[in-house]
Amino acid sequence: MSDDLRNLVLGLAAAAVCVALGWFARSYLWRRRLQRKQRFFGLPKDSECLLVVPRDPGSRGWSVARHDAFALLELAAVIKECGAHAEVLAHDTAWQGFGARTEFCIGGPAENLRLGAHLRSMLPGVEINADATPGPDQGAITVGGDTYKLEKGAVEYVLLARLAAAGDTGNDRPVFLSSGQRGIANQAAVRYLARHHGRLARKHGVDSTFCLLLRVVNSQAYGSDVVELVADVTKQASATSKKFSQRDRSPAT
């Protein structure tokens, strides 16, 4: 074998090894990211989850409101990537315990009774004005002694929470809540969760409970695209008392 041919063969072999190592590294990183995502969402391959939504008040039959449907589409991509399966249920038909299956619960406590139950039992420090009578405090969210009021089309707030099941229950799947002042705020929160789950997992842990207050800005112009983190209100929302000292309040950002 001539020197030129030997060098060519060695060069091809080295290139093949480099390609194989690169493919292995990418595959390893992709699997690691996927496993971390599956753990954060509680969605191992071939598992099942619940999508609990309110009934559309403008429809006579069982249907989902427009922005809730968009939120479900955001979640569908996450669920598919994790290799899991979903069941969509109306809020008043989801009769099961906490943690048996991962659950995504969307809507306010007035229209989604199951979400209201989760708030009362797991986030007792949150108060949401569910009065159907129009007024300046309608839909207002109070947490940590601060009240956040709705300015329709300009500023809308939404609570995004991950509730971890107790370790001794035998059921360890989380519940995700999106409780917004309007449907478009729920859609924005779900999109925020889908896009920033990696950062949320790094900050809060893949098995943790957290509660974030988000603000949707100028939805009448930008839809659900412009979302800002107001504060991490996990401590305040989880407290049994709704009275907080000044030092216990998370500052708005």
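Excluded from the calculations below are hydrogen atoms, water molecules and symmetry mates; all remaining heavy atoms, backbone and side chain alike, are included. Position 1 is the first residue of the sequence; numbering continues from there. Worth saying up front: this structure is predicted, and the values here are computed from it rather than measured.
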Q.
For the backbone of A164 and the side chain of T209, can you confirm whether one donor and one acceptor N or O come within less than 3.5 Å of each other?
A. yes
So CE of M122 and CG of L163: to nearest 0.5 Å the spacing works out to 5.0 Å
Here the pair of heavy atoms bringing F210 nearest to T234 is CA-OG1, 3.4 Å
Output for pair (L159 CG, N186 CG), nearest 0.5 Å, gives 10.0 Å
- Message: What I'd like to find out is whether the side chain of V227 reaches to under 4.5 Å of the side chain of V217, using heavy atoms alone.
- Response: no
- Side-chain touch D232/H204, heavy atoms, less than 4.5 angstrom: yes
*Note, C211 side chain near R162 side chain (heavy atom, < 4.5 Å)*: no
Interatomic distance, NE2@H91 vs CG@L115, rounded to 0.5 Å, equals 10.5 Å
Tightest non-hydrogen contact, residues L51 and A86, listed as CD1-CB, 3.9 Å
Under 4.5 Å between side-chain heavy atoms, counting indirect links through other Ile/Leu/Val/Met/Phe/Trp/Tyr residues: same cluster for V230 and I128 or not? yes
Classify the ring geometry between F104 and F176 as parallel (under 30°), tilted (30 to 60°) or perpendicular (over 60°). parallel
| Is there a side-chain contact between D137 and K149 (heavy atoms, below 4.5 Å)? | yes
Assess the residue pair L193 and F41 against the criterion (side chain to side chain contact (heavy atoms under 4.5 Å, CB included)); give the C-alpha distance rounded to whole Å, side-chain angles, the decisive distance to 0.1 Å, and a yes or no. CA-CA 10 Å; L193 175 66; F41 283 108; 3.9 Å; yes
Nearest heavy-atom approach of A185 to V216 is CA-CG2, 3.9 Å
The reported gap from CG in N218 to CG in D225 (rounded to nearest 0.5 angstrom) is 11.5 Å
Quiz item: Between R114 and D92, is there a salt bridge with N-O shorter than 4.0 Å?
Solution: no
*So, are R195 and E74 salt-bridged, with charged N and O less than 4.0 Å apart?*
no
Step-by-step side chain to side chain contact (heavy atoms under 4.5 Å, CB included) determination, K152 to R182: CA-CA 8 Å; K152 188 175 180 179; R182 293 182 66 211; 3.7 Å; yes
Q. So, R55 and E111, do they make that salt bridge, N to O below 4.0 Å?
A. no
Scanning both residues in full, the closest heavy-atom pair of V143 with Y148 reads CG1-CE1, 4.0 Å
Step-by-step side chain to side chain contact (heavy atoms under 4.5 Å, CB included) determination, E81 to L34: CA-CA 8 Å; E81 186 177 357; L34 178 60; 4.2 Å; yes
To the nearest 0.5 Å, atom CG of L200 lies from atom CG of L212 at 6.0 Å
Exercise. Please examine the side chains of V190 and I106, heavy atoms only from C-beta on, and report whether any two atoms are closer than 4.5 Å.
Key: yes
| Residue pair C82 / K37, side-chain heavy-atom distance below 4.5 Å | yes
Here the gap from L119 atom CG to L177 atom CG, rounded to the nearest 0.5 Å, amounts to 6.0 Å
Correct closest heavy-atom pair for C105 and H118 would be SG-CD2, 4.2 Å
Whether Q181 side chain and G139 backbone form a donor-acceptor pair below 3.5 Å: yes
### Task
Report yes or no: do E48 and H85 form a side-chain donor-acceptor pair below 3.5 Å?
no
Is any NZ, NE, NH1 or NH2 atom of the basic residue among E103 and R173 found under 4.0 Å from an Asp or Glu carboxylate oxygen of the other?
-> no
Discussion item. Parallel, tilted or perpendicular: which one describes the rings of Y192 and H196, with boundaries at 30° and 60°?
Written reply: tilted
Query raised in the report: Hey, does the side chain of S47 reach the backbone of P44 with a donor-acceptor pair shorter than 3.5 angstrom?
Result: yes
